[in-house]
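I have placed the structure first, in the form of structure tokens, so that the comments after it can refer back to it.
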Amino acid sequence: MASLVPCPHCGARPKEEFTVKGAALARPAPDADQESWMVYVYLRDNPRGRYEEYWHHTSGCRRWLVVTRDTATHEIEAIRDVALAGQTDART
């Protein structure tokens, strides 16, 4: 049985339609020091538990999403459109 991901635009869709693009981290200010940029670009934590990632709905609406999921259980807690940041999350 395939896992379904609740896209806020398309509804429940197979996880194979999405491409995971990495951690949704706060970007440093343009004038931040070199160390801040080095950490942002190259260093990543590998946490167990709640984590936010950028996902692209490649085979669907083609929107960029921030997916909050548990890295241990892979359960999706929330999904929001990157462009509509202030709006309500789609909950599973």
Side-chain angles (χ1 to χ4, degrees):
M1 180 173 172
S3 296
L4 296 178
V5 176
C7 176
H9 303 285
C10 304
R13 305 300 302 164
K15 69 178 179 187
E16 293 79 15
E17 289 189 5
F18 297 84
T19 305
V20 180
K21 292 295 190 172
L25 303 173
R27 185 181 177 106
D31 60 349
D33 63 8
Q34 186 174 9
E35 177 71 17
S36 297
W37 279 103
M38 194 277 300
V39 169
Y40 173 74
V41 173
Y42 296 108
L43 300 181
R44 295 289 179 266
D45 291 330
N46 189 14
R48 180 176 175 88
R50 189 173 189 262
Y51 198 62
E52 288 189 336
E53 300 167 311
Y54 286 118
W55 286 29
H56 185 240
H57 195 174
T58 313
S59 298
C61 60
R62 303 191 55 80
R63 300 295 298 222
W64 281 96
L65 308 168
V66 174
V67 176
T68 305
R69 71 177 182 93
D70 188 300
T71 60
T73 65
H74 301 291
E75 181 180 344
I76 294 175
E77 180 182 313
I79 297 180
R80 68 182 187 276
D81 189 306
V82 172
L84 307 173
Q87 302 208 1
T88 306
D89 295 343
R91 305 236 180 233
T92 58

Look up atom OH in Tyr51 and atom CZ in Arg44, then write down how far apart they are to the nearest 0.5 Å. 6.5 Å
Residues at least two apart in sequence or cross-chain that pass salt bridge (charged side-chain N to carboxylate O under 4.0 Å, His left out) with Arg50, listed by chain then number, are Glu77
Quick one: does any side-chain atom of Asp81 pair with a main-chain N or O of Ala83 as donor and acceptor, under 3.5 Å? yes
Run Glu35 and Tyr40 through side chain to side chain contact (heavy atoms under 4.5 Å, CB included) and show every step you take. CA-CA 9 Å; Glu35 177 71 17; Tyr40 173 74; over 6 Å; no
How many angstroms lie between NE2 in His74 and OG in Ser3, if you round to the nearest 0.5 Å? 9.0 Å
Minimal non-hydrogen separation, Cys7 against Leu65, with atom names: SG-CD1, 4.5 Å
Could you please spell out the steps behind the side chain to side chain contact (heavy atoms under 4.5 Å, CB included) verdict for His9 and His57? CA-CA 10 Å; His9 303 285; His57 195 174; over 6 Å; no
Give me the atom names and distance for the closest heavy-atom approach of Ser36 to Pro28. O-CG, 3.9 Å
Roughly how far, to the nearest 0.5 Å, is the CD atom of Glu75 from the OG1 atom of Thr68? 12.0 Å
Quick one: does Lys21's side chain get under 4.5 Å of Glu53's, heavy atoms only? no
Determine, step by step, whether Ile79 and Phe18 satisfy the side chain to side chain contact (heavy atoms under 4.5 Å, CB included) criterion, reporting the C-alpha distance in whole Å, the side-chain angles of both residues, the deciding distance to 0.1 Å, and the verdict. CA-CA 13 Å; Ile79 297 180; Phe18 297 84; over 6 Å; no
Are more than 12 heavy atoms from other residues, nucleotides or ligands located less than 6.0 Å from atom CG of Asp33? yes
Can you name the ring pair (Phe, Tyr, Trp, His ring centres under 6.0 Å) partners of Tyr54, sequence neighbours left out? none
Can you tell me if His56 uses its side chain to pair, donor with acceptor, with the backbone of Arg63 under 3.5 Å? no
For the residue pair Thr71 and Arg48, what are the closest heavy atoms and their distance? OG1-CA, 3.3 Å
Answer with yes or no whether the hydrophobic clustering places Met38 together with Leu25; edges join I, L, V, M, F, W, Y residues whose side-chain heavy atoms lie under 4.5 Å apart. yes
